[in-house]
Amino acid sequence: SVTGGAMTESGESPIQKKILDTNPVLEAFGNAKTIHNRNSSRFGKFVRIQFNAGGAITGAYTSQYLLEKSRICQHTAQERNYHVFYLMNAGLSADERAAC
């Protein structure tokens, strides 16, 4: 859930930026490589955006986040798990990777 903020010089409110900035994070947690698609969406989300009387965004929250849980445990040889696991692994040092 995110709320509030004054407009910037570019006309974008901080709340708009926060909403847009959350999308790549949610995508990394919910997208995976499949046989048919390198960036297949394996999840669903519903984002409720709140507006004021003037039409400006005043807040938002994700009320549903559905995930294909079976992919965490197993997937076929040609597929990969969720992108977030590979992104986190890429940020590890060689010693940290060896400890996993």
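We count residues from 1, following the sequence as given. A quick note: this is a predicted structure, and the numbers were derived from the prediction, not measured.
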Within a strict 4.5 Å, meaning less than it, do heavy atoms of the Gln50 and Tyr61 side chains meet? yes

Hey, any chance Met88 and Leu26 share a hydrophobic cluster, counting ILVMFWY side chains that come within less than 4.5 Å of each other, even indirectly? yes

Of Asn23, Thr22, Thr62, which is the lone residue that meets side-chain contact (heavy atoms from CB on, under 4.5 Å) with Val47? Thr62

Qualifying residues under salt bridge (charged side-chain N to carboxylate O under 4.0 Å, His left out), relative to Asp95, sequence neighbours excluded: none

To the closest 0.5 Å, what do you measure between CD (Gln78) and CD1 (Ile35)? 5.0 Å

Rounded to the nearest 0.5 Å, how far does CG of Asn31 lie from CZ of Arg80? 12.0 Å

Scanning both residues in full, the closest heavy-atom pair of Ile57 with Gln16 reads CD1-CG, 3.6 Å

If every non-hydrogen atom of Ala28 is compared with every non-hydrogen atom of Leu87, which pair is closest and at what distance? CB-CD1, 3.8 Å

Looking at every heavy atom in both His83 and Lys33, which two are closest together, and how far apart are they? CE1-N, 3.9 Å

When you group the ILVMFWY residues by side-chain heavy-atom contacts below 4.5 Å and let the links chain together, are Val25 and Val84 in the same group? yes

Determine whether Leu92 and Phe85 fall in the same hydrophobic cluster, where Ile, Leu, Val, Met, Phe, Trp and Tyr are linked whenever their side-chain heavy atoms lie under 4.5 Å apart. no

Listed partners of Asn52 passing side-chain hydrogen bond (donor to acceptor under 3.5 Å, both in side chains), at least two apart: none

Do the side chains of Glu27 and Lys45 get close enough for a salt bridge, i.e. N-O under 4.0 angstrom? yes

